[in-house]
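The structure displayed is predicted, hence computed values, not measured ones.
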Amino acid sequence: MKKEWQRPLEFDRPTWDMIRFNNIYTASRKDFRWRHCPNIEENTITASVYTVMSFDYADDVQSKDFPLTEEGLKEANEWIESKFREFVNENPMRYG
């Protein structure tokens, strides 16, 4: 039986209170990493996904901007979830 933390299609999501004051949020699940970077001046949240290395050194970063709102955060989380599912489907032996 898998333990609670071993469920492969779940990942941590930041809450609005965690990022609304320009706090960057990062997390990972095995080789898949994601990042929420709010920018108060531009009123956006840049959501990014990448693998293995840190954000500054990763060569496979994919990013998308969303409005800096609670709804924008929800959309960013949905986009990251879709990227995570793609990654899991492409790496079934790693996440099976």
Next item on the list: Mind checking side chain to side chain contact (heavy atoms under 4.5 Å, CB included) for Ala76 and listing every partner two or more places apart, or none if nothing turns up?
Entry: His36, Ala47, Phe66
Next item on the list: Dump the intermediate steps for salt bridge (Lys or Arg N to Asp or Glu O under 4.0 Å) on Lys74 and Glu70, then the final yes or no.
Entry: CA-CA 6 Å; Lys74 180 182 175 194; Glu70 288 187 70; over 6 Å; no
Margin query: Could you work out, with side chain to side chain donor-acceptor pair (under 3.5 Å) as the rule, every residue matching Asp65, not counting sequence neighbours?
Written below: Thr46
Notebook entry, point to check: Residues in side chain to side chain donor-acceptor pair (under 3.5 Å) with Ser28, at least two apart?
Noted result: none
Next item on the list: Starting from Val61, walk the hydrophobic network (Ile, Leu, Val, Met, Phe, Trp, Tyr; side-chain heavy atoms closer than 4.5 Å) and list everyone else you reach, by chain and number.
Entry: Tyr50, Phe55
Margin query: Would you compute the distance between atom CZ of Phe21 and atom CH2 of Trp16 and round it to the nearest 0.5 angstrom?
Written below: 9.0 Å
Checklist line | Residue pair Lys83 / Phe32, side-chain heavy-atom distance below 4.5 Å | finding: yes
Item checked: Side chain to side chain, Ile19 and Ile45, heavy atoms closer than 4.5 Å -> yes
Note to self: Run the salt bridge (Lys or Arg N to Asp or Glu O under 4.0 Å) test against Glu75 and tell me which residues pass, sequence neighbours left out.
What the structure shows: none
Notebook entry, point to check: Of the non-hydrogen atoms in Pro14 and Leu73, which two are nearest, and what is the gap between them?
Noted result: O-CD2, 3.6 Å
Check: Is it true that Ile24 and Ile40 fall in one hydrophobic cluster, defined by side-chain heavy atoms closer than 4.5 Å?
Finding: no
Next item on the list: Please name all residues satisfying side chain to side chain contact (heavy atoms under 4.5 Å, CB included) with Asp59, sequence neighbours left out, ordered by chain then number.
Entry: none
Notebook entry, point to check: Say you draw a straight line from OG1 of Thr44 to CG of Asn39; how long is it, rounded to the nearest 0.5 Å?
Noted result: 4.5 Å
Item checked: Heavy-atom side-chain contact between Val49 and Phe87 under 4.5 Å -> no
Note to self: If I compare all heavy atoms of Asn22 with all of Pro38, which pair ends up nearest, and what's the gap?
What the structure shows: OD1-O, 2.8 Å
Margin query: Taking CD in Glu71 as the centre, count heavy atoms belonging to other residues, nucleotides or ligands within less than 6.0 Å. Is the count above 12?
Written below: yes
Next item on the list: Classify the side-chain pair Asp60/Thr51 by whether it contains a donor and acceptor separated by less than 3.5 Å.
Entry: yes
Next item on the list: State which residue, out of Arg13, Met18, Arg35, fulfils the side-chain contact (heavy atoms from CB on, under 4.5 Å) condition with Tyr25.
Entry: Met18
